[in-house]
Amino acid sequence: MTQVENARSQAKANRRTVLLNSAASLFALRGFKGVSIEDLGAAAGVSGPAVYRHFNGKQALLGALLVGVSEDLLAGGKAVVESMPDPATTVRALVAFHVDFALSKPEVIRVQDRDFDSLGDADSLAVRSLQRAYVELWVGALGRLFPERDAAVCRLQAHAVFGLINSTPHSVQMHGEPAATARPILEAMAWAGLTGL
């Protein structure tokens, strides 16, 4: 690949990232149905029709956003599980990882909560499959920490902790609390919820 082709490829990848970030912000603010292709283009510094060079339409952009973040979440969770030396450290690291995700991507969480039903069928299935795999990472880690617990209980605890962690960035933003203040509280509450300690 020539230097010019490399530069074009990088510019295209950068524009795609800008479009995804702009979509996350606009969808979180106005909802999927309240955002037009022209809005998305303007937010990314391009014309509305230029969006079609990167995505087949608004629904494809939503799919790329939610599938992409689900892939990132699963890959990050796997990296945590593979790098930790023992079950307790693994669970603590998973909690810290998810808290970091929630505090750094509150817009994406809002979009997932509100606009999931606007996904196309294939993207909806992909997101659900990736998220189930992410939950099972937690179930496995909790099962190793508490071998006497039934997997269904571990799954319920994981979902409860996701609800706690994922809802907090909304209130942090609403009340102007800095993320640094919320982080240790969230981690302690999640740990207590998972372990009873």
Side-chain angles (χ1 to χ4, degrees), residues 10-77 95-132 134-135 158-187 189-190:
Q10 187 58 51
K12 186 173 183 177
N14 291 345
R15 179 67 64 207
R16 180 181 167 86
T17 299
V18 169
L19 281 165
L20 287 167
N21 291 338
S22 299
S25 297
L26 287 175
F27 292 158
L29 186 64
R30 298 189 219 159
F32 177 76
K33 292 178 181 167
V35 177
S36 69
I37 284 289
E38 289 73 23
D39 295 331
L40 291 165
V46 298
S47 68
V51 174
Y52 292 104
R53 291 186 198 136
H54 304 275
F55 301 97
N56 289 333
K58 191 170 75 163
Q59 190 180 55
L61 209 166
L62 177 66
L65 176 66
L66 294 184
V67 170
V69 78
S70 297
E71 289 171 342
D72 291 346
L73 201 56
L74 179 58
V95 166
F97 169 74
H98 199 91
V99 167
D100 185 58
F101 163 78
L103 292 175
S104 65
K105 298 193 182 296
E107 295 91 0
V108 176
I109 291 172
R110 191 171 293 122
V111 172
Q112 162 88 24
D113 288 347
R114 184 176 51 207
D115 295 315
F116 183 85
D117 290 342
S118 295
L119 284 172
D121 291 342
D123 288 332
S124 176
L125 285 171
V127 169
R128 288 192 189 282
S129 174
L130 289 161
Q131 290 179 348
R132 273 193 301 273
Y134 181 67
V135 170
H159 280 291
V161 164
F162 297 157
L164 165 74
I165 295 172
N166 290 349
S167 67
T168 303
H170 302 302
S171 59
V172 166
Q173 284 188 332
M174 283 172 27
H175 300 295
E177 295 293 330
T181 302
R183 183 179 313 277
I185 296 168
L186 266 179
E187 289 182 9
M189 289 174 69

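Not measured: the values here are computed from a predicted model.
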Original post:
At their closest point, which heavy atom of A23 faces which heavy atom of L40, and how far apart are they?
Top reply: CA-CD2, 3.6 Å
Original post:
According to the salt bridge (charged side-chain N to carboxylate O under 4.0 Å, His left out) rule, which pairs have a member within residues 17-30, sequence neighbours left out?
Top reply: R30-D39
**OP:** Under the side chain to side chain contact (heavy atoms under 4.5 Å, CB included) rule, collect the residues that match up with A50, sequence neighbours excluded.
**Re:** V46, S47, R53
Subject >> From CG (L119) to CG (L65), nearest 0.5 Å >> reply: 9.0 Å
Original post:
Shortest non-hydrogen contact from S70 to V127?
Top reply: OG-CG1, 3.6 Å
Subject >> With A160 via side chain to side chain contact (heavy atoms under 4.5 Å, CB included) - residues at least two apart >> reply: none
Original post:
Any Lys/Arg nitrogen of R183 or D100 sitting under 4.0 Å from an Asp/Glu carboxylate oxygen of the other?
Top reply: yes
**OP:** Could you tell me which residues satisfy side chain to side chain contact (heavy atoms under 4.5 Å, CB included) with Y52, sequence neighbours excluded, listed by chain and number?
**Re:** I37
Original post:
Do the non-hydrogen side-chain atoms of H98 and N166 ever get within less than 4.5 Å of each other?
Top reply: yes
Subject >> Test side-chain contact (heavy atoms from CB on, under 4.5 Å) applied to L62 and F55, F27, F116, the passing residue >> reply: F27
Original post:
Is there a donor-acceptor pair closer than 3.5 Å between any side-chain N or O of Q112 and the backbone N or O of L66?
Top reply: no
Original post:
How many angstroms lie between atom CD1 of I109 and atom OG of S167, to the nearest 0.5 angstrom?
Top reply: 9.0 Å
Original post:
So do the side chains of F32 and R114 get within less than 4.5 Å of each other, counting heavy atoms only?
Top reply: no
**OP:** Output all residues satisfying side chain to side chain contact (heavy atoms under 4.5 Å, CB included) with A28, sequence neighbours left out; order by chain, then residue number.
**Re:** E107, R110, V111
Original post:
Is the gap between the ring centers of Y134 and F162 under 6.0 Å?
Top reply: yes
Original post:
Take atom CG in D121; do more than 12 heavy atoms of anything else shown fall under 6.0 Å from it?
Top reply: no
**OP:** Kindly write out the residues that satisfy salt bridge (charged side-chain N to carboxylate O under 4.0 Å, His left out) with D72, not counting sequence neighbours, or none if the list is empty.
**Re:** none
**OP:** Under the side chain to side chain contact (heavy atoms under 4.5 Å, CB included) rule, what do F101 and I165 come out as? Steps first, then yes or no, please.
**Re:** CA-CA 9 Å; F101 163 78; I165 295 172; over 6 Å; no
Subject >> A24 to V108 - nearest heavy-atom pair and separation >> reply: CB-CG2, 4.1 Å
Subject >> Nearest non-hydrogen partners of V35 and L26, listed with the distance >> reply: CG2-O, 3.6 Å
Original post:
What are the two closest non-hydrogen atoms of A190 and V161, and how far apart are they?
Top reply: CB-CG1, 3.7 Å
Original post:
Do you know the tightest heavy-atom contact between S22 and A43?
Top reply: OG-O, 3.5 Å
